[in-house]
Amino acid sequence: MSYRSARRRASAHQYPVYREPTGPLLEVIDLETHFRTERGIVRAVDGVSFSLDRGRTLGIVGESGSGKTILSRSIMGLLPRRNVTRHGQVIFQDRDLTALSEAELREVRGAEISMIFQDPMTSLNPVVRIGRQITESLRHHLGVDKEEAKDTAVGLLRSVGIPKPERRFDEYPHQLSGGMRQRVIIAIALACGPKLLLADEPTTALDVTVQAQILDLLATQQRDRYMAMILVTHDLGVVAGRTDEIAVMYAGKIVEKAPTTVLFKDMKMPYTEALVQSIPRVTNSSHTRLRAIPGRPPDLVNPIPGCRFAPRCPYAQERCWVDEPPLMEGVNPGHTYACWFPVGTTEGRAALERNQQQGKPAPPAAALERKGA
Amino acid sequence: MAGSGTAHLRDGADPLLRVEHLVVEFPAGVGRKVHAVSDVSFDVVEGETLGLVGESGCGKSTTGRAVVQIPRPTSGSVVFDGRDLTKLHHEELRRIRPQIQMIFQDPISSLNPRRRVTDIVAEPLVVWGRGKSAEREVKVREAFEAVGLDYDSASGRRPHQFSGGQCQRISIARALMLDPKLLICDEPVSALDVSVQAQILNLLEDMKERYGLTMVFIAHDLAVVKNVSDRIAVMYLGKICEVASADDLYRSPRHPYTNALLQSIPVPDPEVPPAGENLALSGELPSPIDPPSGCRFRTRCPRAQARCAEEEPIIREIDPTHFVACHFPVMEEAGEGAGSAGGRLFGAQAGSSAADEGSAGAASDGPASEGAASAEAASAEGDSGVAVDPAAPPYSAA
Amino acid sequence: MHDPAPERPAGIAGPSDALAPSATMVGGGSPSVELEPELLGSELAPDAEFETARRGLGFGFWLSVGWLTVIVLLAVLADILPLEDPNATFVGAPGLGPGLHHLLGTDELGRDLLSRVIFGSRVSLIVGFTSIAVGMLIGGSIGLAAGYFRGKIDAIVTGLANILLAFPALVLALAIVTFMGPSLFHVTLAISILAIGPLTLLVRGSTIVFSQREFVVAARLLGAKSWRVVYREILANVLPGAMSLGLIAVAVAIVAEGALSFLGVSVRTPTASWGNMIAEGRIVMVQHPLITLWPAALMFLTVLALNFAGDRLRAYFDVREGAL
């Protein structure tokens, strides 16, 4: 797609962004990532735009298959070379990352943008000492000497909460617990003082207790270093207290985006509502029926016309099956959503009631209950 | 915390499963051993769900495996339906196996990748020679429908063609084919997305009702465990710290470790600040090869005293449904420790919790058609009804 | 099941991951919503990487299989093919080069080289495949039992296999054959014994891996007897990997037979084998290099094809495992 049409489409979304004088740190404009497979083209990321300022945290939330992981990999340029097409722009500090060569990208990755992956074991090289895994990147990107690199590395290990960092420096990854390994990965990611940290499901493989520790650590580091951070997860509970803004993804598109407090207080997209409701809460009395989302994430090869959430949506009306809702602006600044019958509005309530009276389209929980009974 | 003792075992009732003084140790090199489970006792009465909760490495999964005798425990007794499984011979044990089934964490590893899913679900019937192949197909078809899968489109396919959630449904179908009395669920949803997790938890509840199951539900997420359990046992480093009814445990956690677990649960509400470094559990799980003396939790416990290192706390009764193994249990009136720890949960969440319970009640009690409408309204009101300070920075806790 | 281009389920029609049948969903459900999204979403990147490996075994694999097929067919049909008697001397002038009458020429005794390499391949193939089949049967069964039951059986089996491996293989084979007398049967026997050790350890290793998987525990929980668990759950998973490594083992066995032949302790002359043909040709190598070249080239290509095919198959099954 040409630059001009990208601009036009981006401006058509009209998402209001708070801009610092220098402009946003990261601006993703109409990003599309498509995979060619035997079944056809998989539209894993299908026209995503957002921007992120320095020192802010963005949460990207969605089920598996929503394209959230592919989105973060597309931003980093970490995609398989074969059978992939990527359109749109990823502007990082006024440079379009999609136009950079692999060598130039390597300089940006690690030094200015770092990434943390889900599985702490596979992200570390099992036969290389922890210390060297940190100093390698320091020496490569910052060109410091061996001694200095070691001092910095030990300091980093200490700052991510690893006890006795001097001793850990000479150990191998298998000698650490899962939580400690994730701390080491964070230390590696932070080594060169990145301006943007991309954390892709950083705590999914960990215990709840360790999850809390790691998320706290990420938050502290992000604040202290005035980094921007993107937190990708399937669990809205994880991002609730720890992000400034949340983008909810469904079927390769952002379907709702809002400042975190607004999103939880005044969600408009039925999908967001369903995601929140499916979380089990300790505050529920035991044997409370959970409100699961029925059905499965949609097919990304042959997307249906209209709203892609319609088949699973308790609010869906005829129009939803025909017209695809664009991103519309909400009342609150910075709130955009794609829905014809938003939650909490008169139209939404009427749509839900209409569906219930007609009996055929039941809301998620009720549908499940009837079947279960 | 971590303590031995059997005060929490119910003598009056006739439990379906009664585990006493269970010990599981594994060799770890010369002269050393891993103390995976050390003197754990619990019982489960018929129709009840017992939740076993704790961090990885606390021995909860090993306990589950020891109940089914794979591998056999080092010592202790596992009395199921009046028979001590640890004393049974190989063939006697095999005959009793169909009555105790298990569901595992990894849905894909639970199914043989080289067999068709319909064969996998039919396998229990084949093993026990029940029915002719036509009758088997009818039963398998029923089982598929019970767990919400379409038999015709699933037949002939192999596990890797299904999603994690679907594989877990297939595992559940297989486990239920022989009409077991006891179902042990070992982290059945921790590998799944939140949205799929809810489906599977609901399904397990349905199956429990439909087949009259008794369940042992093992997980590290207290929110998940609480949702399905009647009674919860909290484990730490091979010992049980606290046993209570699910609602009691949440309402008034007595053990400092339970408290820490409760605080770690992420709350899907930005108004509730994360617990922060000072409140969440700090430090690492000690090695089970060389566990701390006395109370095993003392190395990470904010309330630990000298006594905790010398004397192991024994499980004792706090009230008739609540048992704790701690020298200095958290009491609500005890101020400082408990106050600050419980504050986040009891204060900030109270508003949303009331609304949530209201909405959940409406959805499950009322007829589906109107129930959900009022639920939507209730939850919308509830969410906005929480004390709000829109200007609050996201990290106000720290 | 191992179709090179595994078809994605075109629709787990109906309820899929929901309890509610799609008919009760809003609008009656569109036909395209029940596909396999997990595989297309977050897991797609690694999936796409595997795509080429998975799509097929590659041209080289099929070329190897083609070569092996030709060799096996020639060996099997040697008797009915219009070939000279391989042992008849002076069917042509000695030391002829390739020509119309004798496609590959003749050796120093005037025997037809084409006929001799084809009949000679029988020895290599029989010894190679039979000894590995025997080794696989015995070693595989022992390895399965040791890997599944562990404990004492495992300790004994591993110990014995290691002792067997510690003997210098060729010396051991030489000793066996010299002691029992050179013959096709004894060579096969000697190489079978040599094969048991490594094949036992190979099967044991992969049995241990699969025994720890949850589906094996699940089968035991159902009350399945041990033989059924091993046969139904483990064997089918161990077999593909063992078979592909077995092909590579066949290549090793063929080389071993060649070496024994070369040393004159395999089949006796005049019966041709690739090894003894090379040994005979060696004397006149300067004048007639082709006499050694033909059997050597055939052996080289056959061993290469076996190795390549085995290696490709192994990678293929590994990827399948990884993608599962």
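Within every chain, numbering begins at 1; the chains are lettered A, B, ... in the order of the sequence lines, protein sequences first and strands thereafter. Note that the coordinates shown come from a computational prediction; the quantities given were computed from them, not determined experimentally.
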Do the side-chain N and O atoms of B:Ser195 and B:Asp193 include a donor-acceptor pair separated by under 3.5 angstrom? no
Could you check whether B:Thr214 and B:Lys181, counting side-chain N and O atoms only, form a donor-acceptor pair closer than 3.5 Å? no
Tell me, out of B:Val68, B:Asp186, B:Ile100, B:Asn112, who's got the most heavy-atom pairs with chain C below 4.5 Å. B:Asn112
Is B:Leu111 close to chain C through its backbone or its side chain, or both, or neither, when contacts mean heavy atoms under 4.5 Å? backbone
Most heavy-atom pairs under 4.5 Å with chain C, out of B:Gln168, B:His90, B:Arg65, B:Met177, belong to B:Arg65
After noting the C-alpha distance and the side-chain angles of B:Arg115 and B:Asp119, does the key distance pass the salt bridge (charged side-chain N to carboxylate O under 4.0 Å, His left out) rule? CA-CA 7 Å; B:Arg115 301 189 72 185; B:Asp119 292 342; 5.3 Å; no
Regarding B:Gln101 and B:Arg174, is there a side-chain donor-to-acceptor distance under 3.5 Å anywhere? no
Under 4.5 Å from a heavy atom of chain C, the part of B:Arg95 involved: neither
Proximal component of C:Arg220, with respect to chain B [non-hydrogen, under 4.5 Å]: both
Would you kindly say whether B:Gln105 and B:Ser190 are connected by a side-chain donor-acceptor distance under 3.5 Å? yes
